[in-house]
Amino acid sequence: MEGTPKDDLFIVDECKDQKKVHATPLKESGSNEDYAALMAALNANREWLHAKVSINNALIMEGASQPQPDDFFSVGECEGQKTIDGVQMPLVLTPSTADEDHTSHEALVAALRTNREWLEGKVVANSAVLLRGFDVRDATEFDAVVEATGWPDIRYVGPAPRTHVHGRVWTANEGPLEQLVYFHHEMVLIKEFPEKIILFCEVPPPEGGETPFVPSFRVTERALEEFPEMVEELDAKGLRYTLTALSKNDTKSMRGRGWEDAFGTSDKAEAEKRAKALGMDLEWLADGSVKTILGLRTLTRVFPDRRGRRMWFNTVVGMHGKEESSATAADGNEIPANFVQRIGEIIEEESIQFRWRRGDILILDNLATLHARRPSSPPRRILVATCK
């Protein structure tokens with residue numbers, strides 16, 4: 001018996017609500033023979049059995065020590081919250097208790113790291129998740145939260161003036177606070193865009209400065225109700241955008257990021273190469289600025305795992321007829337102004353917003369939501385990370 005291999009004596013079986021290993025003899029026999037064989041096997045393999053028990057006890061304790069979502073988070077509410085198709089937007093997640101082991105940023109980091117798939121599911125299902133009541137104080141702690149999600153970084157490319165702060169964290173649009181940043185999907189115009197936008201409120205504004213967002217499919221649904229032929233025509237033709245960028249940054253403009261900063265080079269040939277990789281052409285102007293030309297782009301997009309919804313994945317309203325930008329049909333025909341105006345009204349009617357509180361973290365599904373910035377009184381400091 002001592003020379004009998006363990007794998008010839010035991011097989012791994014399962015039981016309902018299993019909590020420990022169940023060992024089953026390979027052969028059934030009379031009760032006395034069964035007992036004798038079992039005792040002989042246990043005596044011969046004491047060290048092996050002890051090791052199995054120790055390992056499984058350790059695994060059980062490790063699992064119990066990890067913060068589980070139902071134990072760590074409570075579902076809360078916020079002003080301005082809406083329920084759309086039975087889903088809260090945003091889903092507000094708060095600490096389940098006021099203890100420091102639930103409210104500290106270290107605890108939040110541990111909970112997010114352990115429950116990454118769960119968080120991903122919540123962001124996709126609800127389009128927006130607001131983490132509120134956690135003691136996240138600065139860019140360093142916010143960066144740790146971003147890293148805990150496990151979502152890869154993607155470098156921001158766009159016209160908004162921004163400054164790198166720490167790790168993966170940047171300032172949000174540094175344009176004048178008294179101006180509106182219009183509704184948009186982040187980096188919607190280029191080939192590679194982020195799937196998640198994570199915003200952190202370091203300094204809440206005393207008045208205004210909200211970050212409203214819109215479930216993008218609702219805009220498409222309503223546009224199809226009022227302008228079915230126009231929507232389908234523009235989607236079939238595609239869109240063409242142009243945007244003019246100065247050579248150097250101009251923080252007095254909402255779109256004041258210079259092309260040298262945007263492309264990370266002052267060499268025009270290299271800028272053209274990098275622009276081409278992003279799906280845009282460049283036209284150099286006499287004053288040193290450059291016109292970026294982007295097309296063909298669709299009006300709507302359908303992304304996996306989002307119920308087959310057609311997202312209003314464009315920036316027609318934000319760029320149509322502006323001094324430094326334009327949005328037209330890909331064949332060059334103008335988009336009717338009354339159509340653009342009405343879509344702007346629909347976007348506003350469907351918008352959702354709340355008042356920022358210090359430490360708030362808002363995670364947006366960039367494939368499913370447009371977001372904006374209301375005019376604000378100073379001071380206001382919102383930081384951002386963009387994720388694949």
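Start at 1 with the first residue, then count along the sequence.
- Atoms CZ and CZ, on F200 and R381 in that order, are 9.5 Å from each other to the nearest 0.5 Å.
- In summary, the side chains of T94 and S74 do not present any donor paired with an acceptor at a separation below 3.5 Å, with no hydrogens or angles considered.
- By the 4.0 Å N-to-carboxylate-O rule, E174 lies too far from R162 to be salt-bridged with it.
- At least one side-chain heavy atom of L180 sits under 4.5 Å from a side-chain heavy atom of Y182.
- A donor-acceptor pair under 3.5 Å is absent between the side-chain atoms of T298 and the main chain of D235, judged by distance alone.
- Residues E260 and S266 have side chains that never bring a donor and an acceptor to within less than 3.5 angstrom of each other.
- Of the residues I361, V109, L131, T103, the one that meets the side-chain contact (heavy atoms from CB on, under 4.5 Å) test with V136 is I361.
- Counting only distance, with no hydrogens or angles, the side chain of S216 and the backbone of L370 share no donor-acceptor pair below 3.5 Å.
- Inter-residue side-chain proximity for E324 and S289 is flagged as unmet; no heavy-atom pair is nearer than 4.5 Å.
- Heavy atoms only, all atoms of each residue included: E186 and T386 are closest at CG-CG2, 4.3 Å.
- A donor atom on one side chain and an acceptor atom on the other are found under 3.5 Å apart for S96 and H102.
- R113 places no side-chain N or O within donor-acceptor distance of the main-chain N or O of A111, the cut-off being under 3.5 Å.
- Within the 3.5 Å criterion, the main-chain N or O of L177 finds no donor-acceptor partner in the side chain of S376.
- Under the 30°/60° scheme for interplanar angles, the aromatic rings of F134 and F72 are found to lie parallel.
- E221 and R307 are not joined by a salt bridge, as no carboxylate oxygen comes within less than 4.0 angstrom of a charged side-chain nitrogen.
- Going from atom CE of M319 over to atom CD1 of I335 covers 10.5 Å, rounded to the nearest 0.5 Å.
- Checked for salt-bridge contact, R274 and E270 meet the test: a charged N lies under 4.0 Å from a carboxylate O.
- Ion pairing between K388 and E192 holds under the 4.0 Å rule for side-chain N and carboxylate O.
- W259 places none of its side-chain heavy atoms less than 4.5 Å from the side chain of T292.
- Using a 4.0 Å cut-off between a side-chain N of Lys or Arg and a carboxylate O of Asp or Glu, K276 and D281 qualify as a salt bridge.
- Side-chain atoms of E202 never come within 3.5 Å of backbone atoms of L383 as a donor-acceptor pair (strictly under, hydrogens ignored).
- With E141 contributing its side chain and R137 its backbone, the two residues share a donor-acceptor pair below 3.5 Å.
- For the atom pair NE2 (H166) and CG (D138), the distance works out to 8.5 Å, reported to the nearest 0.5 Å.
- The existence of a salt bridge linking R218 and E225 is excluded, since no basic side-chain nitrogen approaches an acidic carboxylate oxygen closer than 4.0 Å.
- Between R132 and D360, at least one side-chain N (NZ, or NE/NH1/NH2) sits under 4.0 Å from a carboxylate O, which counts as a salt bridge.
- Counting heavy atoms from C-beta outward, Y241 and V316 have side chains that approach closer than 4.5 Å.
- Counting only N and O atoms by type, the side chains of T265 and D267 include no donor and acceptor under 3.5 Å apart.
- Rounding to the nearest 0.5 angstrom, the gap separating the NZ atom in K268 from the CH2 atom in W284 is 5.5 Å.
- When all heavy atoms of H164 and W170 are compared, the closest pair comes out as N-CE3, 3.2 Å.
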>> Apply side chain to side chain contact (heavy atoms under 4.5 Å, CB included) to residues E195 and N366 and explain how you reach the verdict.
In response: CA-CA 5 Å; E195 290 192 14; N366 189 51; 5.7 Å; no
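- Note on ring orientation: taking the six-membered ring where Trp is involved, the planes of F73 and W118 are parallel (angle under 30°, cut-offs 30° and 60°).
- N314 approaches V188 most closely through the heavy-atom pair N-CG2, 3.9 Å.
- A donor-acceptor pair under 3.5 Å links the side-chain atoms of R297 to the main chain of L189, judged by distance alone.
- Contact detail for T149 and V146: the closest heavy-atom pair is OG1-O, 2.6 Å.
- Residues E345 and R342 are paired through a salt bridge, judged by an N-O separation under 4.0 Å between the basic side chain and the carboxylate.
- Looking only at distances, a side-chain donor or acceptor of T220 sits under 3.5 Å from a matching main-chain atom of R310.
- Although no hydrogens or angles enter the test, the distance criterion places a donor-acceptor pair under 3.5 Å between the side chain of R380 and the main chain of G209.
- Evaluation of the salt bridge (Lys or Arg N to Asp or Glu O under 4.0 Å) test over residues 90-100, restricted to residues two or more places apart or in two chains, returns none.
- At distances below 3.5 Å, at least one donor-acceptor pair connects side-chain atoms of R116 with backbone N or O atoms of A148.
- Salt-bridge formation is detected for the pair K196/E120: a Lys NZ or Arg NE/NH1/NH2 atom is positioned less than 4.0 Å from an Asp or Glu carboxylate oxygen.
- Across every non-hydrogen atom of P194 and M187, the tightest pair is CD-SD, 3.6 Å.
- In this structure, the separation between CG on L364 and CG on L130 is 10.0 Å, given to the nearest 0.5 Å.
- Counting only heavy atoms from C-beta outward, the side chains of L362 and F354 approach each other to under 4.5 Å.
- For the pair E349/R222, a side-chain contact is recorded, criterion being any heavy-atom separation below 4.5 Å from C-beta on.
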